[in-house]
Amino acid sequence: MMGQTIRLMTMMVLMVAIGAGGVETAAQNQRSGAQSGVRGGVSSNQQRVAAGETLIRNATVLTVSRGTLPNTDVLLRDGKIAAVGQNLKAGDAARVIDATGKFVMPGIVDAHSHSMMDAVNELTLSVTSMARIQDVLNPTDVDLYRALAGGVTALNLLHGSGNAIGGQNTVVKIKYGRPVAEFIFPGAPPGIKFALGENPKRSNVTVVPGRPRRYPATRMGVAEVIRDAFTRARDYQRGWDEHRAAAKRGDKNLIPPRRDLQLEPLVEILEGKRLVHAHCYRADEILMLLSIADEFGFKIKTLQHVLEGYKVAKEIARHGAGASLFADNWAYKVEAYDAIPYAAAILMRAGVNVSLNSDSDERARRLNIEAAKMMKYGGLSEEEALKLITINPAMQLGVEARVGSIEVGKDADLAIWNGHPLSVYSRVDATFVDGEVFFDREQDITRRPTLERERQQLEQLEANRPPPQGGAPPSVPRERRPAYGHDDDVWDGGDDHR
Amino acid sequence: MINQKHFTAATKLRGLLLLAALLPSLASVAEAQQTGSVTVRTMSTPTSIFVIRNARIVTVSGADIDNGTLIIRNGRVEAVGAAESVSAPAGAQEIDARGLSVYPGMIDAATNLGLLEIGAVAATVDTTEVGDMNPHAQALVAVNPHNASVDVTRVVGVTNVVTMPLGGVISGQAAIINLNGTTPGEMAVTPSAALVIDFPRAAGGAGFFSQPQPPNLTETIQTRDRQIERLRNMLRDAEAYGRAHDAYRNDSRLPRPDVNTTLAALVPFVRGERPVMFRAERERDIRAAVRFADEMKLKPIIIGGNEAAQAAPLLKERDVPVILTGTLDLPPREDDHYDVLYENAAKLQRAGVRFCISTGDTGAQVRDLPFHAGMAAAFGLPRAEALKAVTLYPAQIMNVSDRLGSIEPGKTANLVITDGDLLEARTNVRYLFIEGRQIPLVSRHTELYDQFKDRK
Amino acid sequence: MRDLRPNFLLVLLIVSAVSICPRLMNSTVRAQQQQRSAIDTYAITNARVVTVSGPVIERGTVLIRDGLIAAVGANVNAPADARIIDGAGLTVYPGLIDANTSLAIPRPTPPATPGSEATAAPFADFLGPRTPPSAMSPNSTQLPGLQPEILAADIIRPGGEQIEAARSAGMTAALTAPRGNVFPGQSALINLAGDTPQQMIVATPVALHVGFTPLGTGQYPGSLMGVIASIRQMLLDAQRYREVNAIYNRNPRGVRRPGPDKSLAALLPALARQMPIVVQAEREREIIRALDLAQEFNLRLIIAGGAEAWKVTDRLRALNVPVLLSLNYPRRTTAQLPEADPDPLRVLRERAEAPRTAGKLATAGVAFAFQSGEMTSIADYLTNAAKAIENGLARAEALRAMTLRPAEILGVADRLGSIEVGKIANLTVTRGDIFARDRHIAHVFIDGRPVELKVATTPPAAGASGTVNVGGTWSLEVTTGAGGAPQPVSVTLMLQQQGERLSGSIQGPLGSNPIANGALGAGGEVRFTVPVTDATQTNEATFTGTVTGNTMRGTMQIVGRPSGSFTGTRPQ
């Protein structure tokens with residue numbers, strides 16, 4: 001096919017361009033530039049490449065849903081988990097990985113991320129439901145690669161928490177190096193971000209002199225913004241219903257209601273078609289939101305952060321909301337002062353679906369350790385701890401049929417670890433998404449000298465040399481990107497969202 | 001300001017009532033600060049004697065003892081050894097540690113613990129003085145013994161921290177504290193352990209809320225050079241100040257020199273009697289700090305050290321230790337290898353540079369210390385070295401290894417008894433001793449947990 | 001052979017226009033009025049003619065009359081009334097078109113918004129870049145930055161240094177669009193000469209322009225997400241506006257009056273695919289955003305910028321989306337400073353890739369035209385086009401991308417873009433191939449008239465031009481290169497130096513004239529031209545020399561004549 005020919009040509013050009021040697025699989029080639037955190041020139045022109053077959057042999061498989069299987073093979077075929085068992089056979093062309101002594105775990109699902117976003121907050125209004133994260137994705141964000149290196153394969157990309165009702169989220173698979181369209185998690189239900197407390201009331205923001213303060217400034221106002229929005233949404237819904245009915249009757253000269261992109265997503269919420277992910281901290285505001293949801297007859301799918309959720313665990317369970325927490329972050333602001341690391345255990349035992357999230361490109365790389373902490377704080381079992389970062393967040397995002405556990409027929413999104421992933425001494429050897437390798441530690445290390453050579457060559461180009469004289473002063477080098485940033489903690493700027 | 005004397009049982013009771021009313025988060029900030037920990041400390045008397053039996057004892061400085069006995073008396077480790085070689089004194093409280101391991105308490109050598117309660121609430125933050133040159137600012141003075149992070153941190157096995165001021169060029173003086181005590185004085189191990197210099201450097205952009213960047217590197221370099229010059233002058237002044245006062249003491253016929261508390265505070269540091277911590281991350285700045293210390297005859301310690309591996313030969317040659325605070329940082333540059341900071345410690349260890357691993361945290365997340373070391377171990381640092389990097393090495397770097405950092409007779413009985421590997425996240429601390437006192441394994445967090453876990 | 005001396009003296013004494021009417025010197029406006037009063041018939045003879053639309057005529061004539069191309073061919077004879085330009089050694093190209101600019105659009109002074117000075121670093125993120133719109137539409141329903149009804153044609157101002165620089169670099173026409181954030185307005189295609197906006201405008205409105213820049217005023221949209229959402233909402237509102245007005249206009253009775261909305265009305269031609277939208281998009285993901293938006297609303301998209309368009313060629317071709325490709329290639333602009341971080345590999349690759357984009361688009365069958373992309377020195381336009389050729393673009397394609405292709409993409413190919421009878425006489429005439437390193441823009445015709453060329457069109461060798469100081473007043477002795485007993489003529493040369501550019505004037509016994517095409521090289525090489533006009537034809541003398549300290553020497557060349565020489569000194 002023409003398209004394929006062009007794709008292959010493009011790839012060949014790329015391989016030459018980046019100095020890649022030897023013959024690699026399509027997946028390796030796609031990712032070549034991604035090694036060591038540098039994205040190669042992979043273009044949208046490239047069509048999706050079939051993932052082929054990979055046989056992972058003799059691993060300890062943490063299925064999450066069906067226990068731990070020692071000395072087990074996992075066969076990946078065409079992007080799916082084709083078989084899990086012993087002495088599996090693969091085709092001649094299959095890549096075979098000896099995973100003796102290693103662990104296979106489902107890809108980690110991070111239910112709260114602001115990675116790969118060219119914008120985080122639309123802060124000008126208190127209701128920005130028309131804003132869509134999917135419009136602003138940046139698939140070249142190098143932190144995606146770093147998350148893959150921590151065994152993460154899927155992210156829930158959420159609008160910031162600067163608004164009572166924020167924008168529409170997007171669930172992605174980390175197909176780093178691929179065109180942005182391939183990131184979108186197929187079939188993931190649409191969702192939206194809400195936020196309560198200090199952030200939407202702009203408590204920690206210096207008011208710009210001369211600019212009016214944005215409403216609301218209290219938790220009372222936050223509640224009213226949400227109630228008002230849904231009151232308008234219900235009215236909007238009625239307006240359209242009436243219009244459609246009139247049109248059906250054959251009324252003449254009907255003027256249709258205005259399509260309102262702010263209210264449409266809220267109607268979808270009322271109709272149960274859009275999942276609500278609500279940033280919240282304090283117990284009272286959690287109850288407030290649940291009661292508004294009950295009042296308008298919709299469900300909160302997840303409470304995000306929900307630091308004081310443990311105080312109202314039964315109310316959360318009764319509503320049926322999930323909870324997506326930090327493992328043990330606390331005290332960074334007043335509304336985080338009563339956070340406790342036992343929250344996950346309390347909520348879980350109350351019957352709430354609980355996940356742990358990162359809300360930080362840094363923390364995303366070590367969610368396995370965050371999960372392991374929960375064995376200490378509240379005594380979760382290994383499997384319960386693993387669920388917090390795999391099947392539970394997958395359920396919260398409505399993608400549990402495809403990811404979150406190692407089961408035949410599910411997407412081949414998984415990672416091979418060199419030790420038990422709940423051990424601090426373990427690291428990821430390789431991460432697969434849809435059966436393709438998107439991170440491979442060995443290749444990453446092998447690639448480093450090649451990239452260094454490429455850099456040296458490129459630096460010789462005239463366009464890359466400094467002007468012969470003069471020239472603008474360079475920017476000040478960045479010496480740190482510190483751990484323990486909370487992208488949500490004050491108003492969702494975050495270290496990475498320039 | 002919190003008046004320590006007024007921190008009475010009544011205050012504690014009020015805190016409890018607030019909690020009982022399920023309203024602690026509605027308490028005012030000041031209230032929150034005071035009620036940071038509502039633990040009623042039931043400390044054993046200093047004279048308690050403990051005998052820990054049947055334990056695996058990880059001494060850190062020597063070989064592990066598989067079935068060992070350890071005696072705690074007068075706040076110290078009196079004896080440690082194989083079961084048969086140690087006999088318990090009369091009246092000792094017995095702890096059967098079968099299946100458990102005894103470790104020295106972990107030490108985080110770069111924190112602001114105790115100086116800050118809630119980062120976003122300015123009124124609770126005592127980390128950063130006004131102005132650039134604050135050598136007389138002493139962290140110990142502002143340590144709130146009742147800060148909630150104290151309990152929260154120690155119950156995971158971190159028994160000691162270095163807590164330090166932030167900001168400016170000379171930030172102030174760091175203290176080494178035990179994470180136990182009713183007054184700062186009771187907590188202090190070394191009240192003035194080191195001078196903290198945020199070494200002037202042309203780098204920044206640490207985070208979103210960092211100070212607005214100067215417009216360009218050229219200007220930043222000029223500012224840096226001016227600041228280094230001011231620092232140099234001040235240190236020289238301090239040296240002269242010390243000599244003038246000594247001279248006057250020896251010969252009262254000399255004119256009486258003026259007094260200056262700022263300069264006076266610097267004297268022990270410019271004389272090399274106490275170390276100076278230089279915050280520096282990039283190779284260039286690390287080298288500059290070492291050169292500067294050489295020039296001024298200071299005893300340098302590098303804090304930060306993200307690029308310390310590149311300066312390893314110099315650091316080794318000058319025997320300059322590094323307190324790594326960036327193990328879990330994101331790599332600062334787009335092209336950095338994903339593991340560049342994870343493997344930093346391993347590289348220093350292989351190069352023979354003295355180092356330790358720290359969280360560099362303001363307080364609340366100091367409890368992650370073992371996982372910083374664990375990550376370094378996952379990326380090439382031998383496990384035994386990772387353990388030392390949070391126990392013996394920080395003690396050595398901070399000149400307290402005669403008292404802390406390992407289990408040896410005569411050392412302070414800061415001990416953690418666990419049901420597993422000290423650095424593993426899943427491991428539970430079963431007993432905790434600080435200065436030989438058994439510390440209850442409770443904190444603000446366990447209390448809230450107990451309060452709400454069974455709410456029906 | 002004729003005796004050259006009288007002609008040469010004419011050169012130095014600035015005979016024709018200047019000597020006939022010396023009071024009109026130094027005044028562009030008056031010069032143009034004066035030109036207008038002259039006869040507007042020109043014949044460029046004996047020139048190589050690259051028509052672009054047809055075969056190259058190796059030796060032919062282009063006849064210009066009344067602003068249009070009246071004839072072109074190998075066998076065209078110059079009529080008696082024509083002013084003859086001897087094109088020997090010259091090549092005539094269709095006038096170059098800059099496919100996306102804001103030329104002639106006044107740059108707004110940012111209004112003093114309250115609190116703007118307090119916009120400290122933490123706010124910069126959500127406030128976005130402050131790019132105040134070019135103009136505000138009175139009684140608009142939308143905020144500034146969201147006013148598609150603004151017409152470039154309404155706000156352009158003739159003249160100005162930028163336009164002069166552009167045409168001196170060979171540009172004859174440009175698409176020009178208002179500046180702004182989201183909906184800055186609608187562009188016009190203008191000729192780069194004319195005393196009034198009306199004289200300049202070739203076509204208006206040409207395209208609806210769309211940008212992804214937040215308002216930056218604290219008002220919605222304040223982020224990229226909001227920008228895209230607001231575009232979507234406005235397009236939906238416009239669709240409804242059309243519908244509601246149709247209902248109302250059929251029968252107003254009983255229908256609530258919808259009320260006029262010029263912002264929404266301005267979107268209707270784009271929604272009806274009668275007008276293309278031009279979206280500024282460089283990165284792959286920006287182009288994809290534009291493509292998605294265009295598909296969602298069935299719009300005729302044109303991408304402007306397009307640095308990474310080569311990554312999206314499949315979709316661009318499938319949707320028939322052309323690219324106004326910027327020749328403002330990224331390059332390192334920062335000084336070497338050992339303490340600085342190295343540029344990321346990604347950036348190094350982007351800079352390496354930029355000159356290859358055009359070739360890749362051509363190979364992939366994506367239509368593209370070149371634009372200057374707000375480059376700092378417009379002289380780089382041709383230099384960078386030549387780099388595209390070095391990196392795989394066919395020469396003919398490169399030329400087309402500066403002439404006929406932009407005319408086609410912008411809907412003016414019936415009047416611009418090639419040398420064909422009846423088209424507007426916009427011509428760019430060079431000595432040497434237009435892509436050659438030593439090219440020299442000899443003449444530029446716009447609307448059938450030669451325009452004054454003012455600045456360097458040949459980029460001097462990159463180098464330490466700043467270290468050589470050639471400014472000041474020079475005494476020159478000029479000697480012709482032929483004839484019996486050459487007699488030196490003394491003239492005074494005043495030079496002003498601005499980086500690599502030279503400007504100034506030359507003065508003889510009877511008057512003075514500004515120099516043109518002044519350029520300074522790294523080693524003190526100077527080059528400039530002086531127009532030479534006698535009764536029948538205009539030519540120019542090109543001075544090329546080297547400055548050493550306070551002396552200058554070199555050669556002087558008049559088209560078709562043996563070369564002369566000159567020496568000069570600069571008294572202290």
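Just so we're on the same page: letters track the sequence lines, and every chain starts at 1. Quantities reported herein were computed from a predicted structural model and do not represent experimental measurements.
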Of the listed residues ([options]), which shares the most heavy-atom pairs with chain A below a 4.5 Å separation?
options	value
B:A378, B:G363, B:G374	B:A378
B:R201, B:K456, B:R367	B:R367
B:D368, B:T362, B:L381	B:D368
B:V429, B:T327, B:V152, B:I221	B:V152

Check: Should B:D336 and A:R478 be marked as a salt bridge (Lys or Arg N to Asp or Glu O under 4.0 Å) after you check the CA-CA gap, both sets of side-chain angles, and the distance that decides it?
Finding: CA-CA 12 Å; B:D336 285 332; A:R478 179 152 81 161; over 6 Å; no
Item checked: Side-chain touch B:R444/A:D338, heavy atoms, less than 4.5 angstrom ->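 Yes, their side chains come closer than 4.5 Å.
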Residue [X] versus chain A: region with a heavy atom under 4.5 Å:
X	value
B:P370	neither
B:D454	neither
B:V340	neither
B:S149	both
B:D419	neither

Would you say the side-chain atoms of [X] pair up with the backbone N or O of [Y], donor to acceptor, closer than 3.5 Å?
X	Y	result
A:K373	B:A425	no
B:R455	A:Y310	no
B:K453	A:I346	no

Next item on the list: Drop me the distance from B:L217's CG to A:S475's OG, to the nearest 0.5 angstrom.
Entry: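 Rounded to the nearest 0.5 Å, the CG-OG separation comes to 7.5 Å.
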Item checked: Rounded distance (nearest 0.5 Å) linking atom NZ of A:K333 with atom OG1 of B:T124 ->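 The OG1 atom of B:T124 is 14.0 Å from NZ of A:K333, to the nearest 0.5 Å.
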Margin query: Working note: A:E479 + B:R279, criterion salt bridge (Lys or Arg N to Asp or Glu O under 4.0 Å); need CA distance, chi angles, decisive distance, verdict.
Written below: CA-CA 11 Å; A:E479 63 179 10; B:R279 195 177 291 277; over 6 Å; no
Notebook entry, point to check: Taking atom types as modelled, is there a side-chain donor on A:R441 or B:Y338 under 3.5 Å from an acceptor on the other?
Noted result: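 Note: A:R441 and B:Y338 side chains meet the donor-acceptor criterion.
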Note to self: If the test is ring pair (Phe, Tyr, Trp, His ring centres under 6.0 Å), which one of A:Y377, A:Y337, A:W330 qualifies with B:H445?
What the structure shows: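 Among the candidates, only A:W330 passes.
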Check: Of the listed residues (A:A149, A:S426, A:P341), which shares the most heavy-atom pairs with chain B below a 4.5 Å separation?
Finding: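 The option with the most such pairs is A:P341.
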Note to self: Can you classify the ring geometry of A:Y342 versus B:Y449 as parallel (below 30°), tilted (30 to 60°) or perpendicular (above 60°)?
What the structure shows: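 Geometry flag for B:Y449 against A:Y342: parallel rings.
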